[in-house]
Amino acid sequence: MSADLGRDRIARARVVHLMARRIVISPEEFPVADPEGLDFREALNEKQYEAATWGAGPVLVVAGAGTGKTRTLIHRVAWLVGHGVAPEQLVLLTFTRRASQQMLTRASTLLDGRCSRVRGGTFHAFCLMLLKQYAAKLGYPNGFTVLDAQDAADVVDLLRGPVAARFKDRRFPKKRTIASIFSSIRNTGQSLDSVLESAYPHFLEFLEPLNGLFEQYVQYKKEQGLMDYDDLLILTLKLFQQDPGVLREVASACRYVLVDEYQDTNRAQALLVKALSSVHGNVMVVGDDAQSIYRFRGADMGNILRFPEEYAGASVIKLEHNYRSTQAILDLANEVLTQAKHRFDKRLYTERGKGDLPGIVPAPDDRFESRFVSQMILALREQGEPLNRMAVLFRSGHNSYDLEVELNKRGIPFVKYGGLKLAEAAHIKDVIAYLKVLENPRDVVAWNRILQLLDGIGPKTAGRIIEWVQGAEAPRYTTDGSPFSAAYVASLSRLFDVLGRLRQHESPLDEQLESILAYYAPILRETYTEDYPKRETDLEHLTGVASRFADRASLLDSLALDPIELSAVDVEKEEKDEPPLVLSTIHSAKGLEFKSVFVIQSLDGVLPSSYSVGDAEAMDEELRLLYVAITRAEDQLFLSYPMVQFRRYEGQYFTKPSRFLEGLPDTILEPCTLVEAPRDAVPDDGSSRLQDGLPGPSRTLEAPNQPSHDASDSLDDLPF
DNA sequence: TTTCCCAAGCTTTTT
DNA sequence: GCTTGGGAAA
């Protein structure tokens, strides 16, 4: 590796803003040598090295898929810490908690644990931490509650009622829609009418009432001590704005700001980065415009494209050498990307060999698709590929239901990322609501939830009770002197008993949870008579998760921001057995890599989603999504789709493969045919037959071992 | 006012 | 396939 960087000293001038006076201090200098015990030249290529050892000042690292972005960031952290920057002065902002944890653990291994004190996490988590500290300055109580998307919609619903009543005969938007309209106003900084115009033109007639509702919503949350996800970002900005002293204090502590996945930041996040780096000016953002996939929640690719203008004197480092995938996989990725309306001047290259061509696999229906995938996985496993180095990716959470059944049937362990989260299940939210009420007695959403679980109490009565509880100075947990009817006073006082007792003497978290669960158990059985055993297991699950937290507040914060934690328990449990296969939405798979990747349901209408068809920008995003999926693969890539699907009332109907994959030359994407092997001709493990796709125009993949089918049935001959 | 029942509608993707 | 909303009965 060449050592020629043309710089003896890694140094850049930097300017410190202190009060009104600008005092220029001398450049920060690091010795050229690597920190003890680490050979960065050995570990990194020239560009990566340049990025990792960058001195001060703003830098944009444009890192294509698989170009060692994480590796570079980790070495960057290690470099800075190794050169004496206190880990506490480093802020590493990432998009998902998974990404940040992965990064910090990997960095720790480089420098024996010192890096674990690096501050960071998701933007939202970082802001929450700040807001906990400064809530009072914004007129919020310290015990404010964080609302997840569902809770936020519930708050909207409380306010929506009277407004919607005025439009009885017309279709007033539903709570979720309203909540997401509000969210997009705040994420993009657009006005209500421009949001409506671009995304919800059919609701333009409700501009006025929605405007009023929006103001009420903002007001209400403030009064009740509630913050939604967007508030976390926006109130932090507001805090900085109204109180420059706080900004200075916070930003001074952020000597180096590192941001991962910068292409997916929205306006508020970009402003936060600007603010946090406003004292030291040391900001490194890493990203890839071709992998921007969060437009739907306000991410703005413009942030990364405009970075050089936004930060005067910013340098740009490009990483283009791909270390992950074979050339065949990159060829497909590059080819797919050329279909984008917005052109990317990006062509990934590798020095790895050509490798196997990616295959496109039509399956007769999704049962066959699932069998194909699971069989292939077993075969690869027989060849020594660990399950956790393989992944099945899909557009949306439910795309894998059928496959999950098949995997269970075959005893293949898997984890699933993305899609529905346990923390969103009704019974989990119930239990959490009790904790929330204990933490923040002003949390009306939680109160409503737990009160309405009681017999004979609906929205109206719940409202009256909440008023009673909160009417006094301190919340009163008693029915003494209450105006409520005897019909439910008994059940109400049982609830108050439990809450009052827990509030009085703060017992350890697990004991609190135990009391709550004891109280909730009969309610659970009654409300979910059908399937309460399954839900009871989930609650045990929750107890397990809770035991890892020191106190109620930190459990609640964590649940609000990172519901994935719950499914992480599965991982640990399974890992005793065999590291499990990964199922993931493409969104959740960002930043991960696997030896073999299966993209299922590569259908037109799924990927690209039918919701995006007709919107050029949205279609480009779908394309980038496919690009992200393809570039997760190192060696093997299969894109499959069912040729026939079922729909509720229409029955069977024919599908079309993703338009992004149609018309690609066979030399880039190889068509494969599934053939069902005669049953008795199948070797026990089925491994030998899948391994070598024979070179040729159409690879044949045999699908052995399907007892329910006539052995002579060739799939090609099935009667469609 | 609540609850129950039926119909309608709707779903990406995440913090 | 599931949640959400409306309407009617208790």
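Numbered from 1 within each chain, the chains take letters A, B, ... in sequence-line order.
Spacing of C1' atoms, dT12(B) relative to dG5(C), comes out at 23 Å, to the nearest Å.
Listed by chain and residue number, nothing satisfies the ring pair (Phe, Tyr, Trp, His ring centres under 6.0 Å) test with His427(A) (two or more places apart in sequence, or in another chain). Listed by chain and residue number, nothing satisfies the salt bridge (Lys or Arg N to Asp or Glu O under 4.0 Å) test with Arg632(A) (two or more places apart in sequence, or in another chain). Looking at residues two or more places apart in sequence or on another chain, you find a salt bridge (Lys or Arg N to Asp or Glu O under 4.0 Å) between Glu261(A) and Lys69(A), Lys590(A).
Separating the CG atom of Leu393(A) from the P atom of dT13(B) is a distance of 14 Å, rounded to the nearest angstrom. Atom pair His124(A):NE2 and dT14(B):P shows a separation of 13 Å (rounding to whole Å applied). For the pair Ile234(A) CD1 and dT15(B) P, the interatomic distance rounds to 18 Å; values are reported in whole Å. Counting to the nearest Å, the C1' atom of dT12(B) and the NE2 atom of His587(A) are 8 Å from each other. As rounded to whole Å, 11 Å separates atom C1' of dT13(B) from atom NE2 of His398(A).
Listed pair Thr122(A) / dT15(B) fails the phosphate criterion, with no side-chain N or O lying under 4.0 Å from OP1 or OP2. For dT14(B), the OP1/OP2 oxygens have a side-chain nitrogen or oxygen of Ser588(A) closer than 4.0 Å.
Applying the salt bridge (charged side-chain N to carboxylate O under 4.0 Å, His left out) rule to pairs touching residues 173-190 of chain A yields Asp154(A)-Lys175(A), Arg186(A)-Asp228(A), Arg186(A)-Asp231(A), sequence neighbours excluded. For residues 446-458 of chain A, the set of pairs meeting the salt bridge (charged side-chain N to carboxylate O under 4.0 Å, His left out) definition, not counting sequence neighbours, comprises Asp430(A)-Arg449(A).
Nearest to the side chain of Ala149(A), among dT15(B), dT4(C), dT12(B), sits dT15(B). Between dT13(B), dT15(B), dT4(C), one nucleotide has an atom nearer to the side chain of Arg297(A) than all others, and that is dT15(B).
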Please list, for nucleotides 2-8 of chain B, all pairs of protein and nucleotide N/O atoms separated by less than 3.5 Å.
from: dT2(B); atom 1: OP1; to: Gly458(A); atom 2: N; distance (Å): 2.8
from: dT2(B); atom 1: OP1; to: Gly458(A); atom 2: O; distance (Å): 3.3
from: dT2(B); atom 1: OP1; to: Thr461(A); atom 2: N; distance (Å): 2.9
from: dT2(B); atom 1: OP1; to: Thr461(A); atom 2: OG1; distance (Å): 2.2
from: dT2(B); atom 1: OP2; to: Lys460(A); atom 2: N; distance (Å): 3.3
from: dT2(B); atom 1: O5'; to: Gly458(A); atom 2: N; distance (Å): 3.3
from: dT3(B); atom 1: OP1; to: Gly456(A); atom 2: N; distance (Å): 2.7

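Residues Arg464(A) and Glu467(A) are not paired through a salt bridge, judged by the lack of any N-O separation under 4.0 Å between the basic side chain and the carboxylate. Classification of Lys409(A) and Glu406(A) as a salt-bridged pair holds, one side-chain N sitting under 4.0 Å from a carboxylate O.
In this pair, Tyr294(A) does not lay its aromatic ring on the base of dT13(B); centres under 5.5 Å and planes under 30 degrees do not both hold.
Each of Asp230(A) and Val606(A) was assigned the nucleotide of DNA chain B with the nearest heavy atom; the assignment lying further toward the 5' end belongs to Val606(A).
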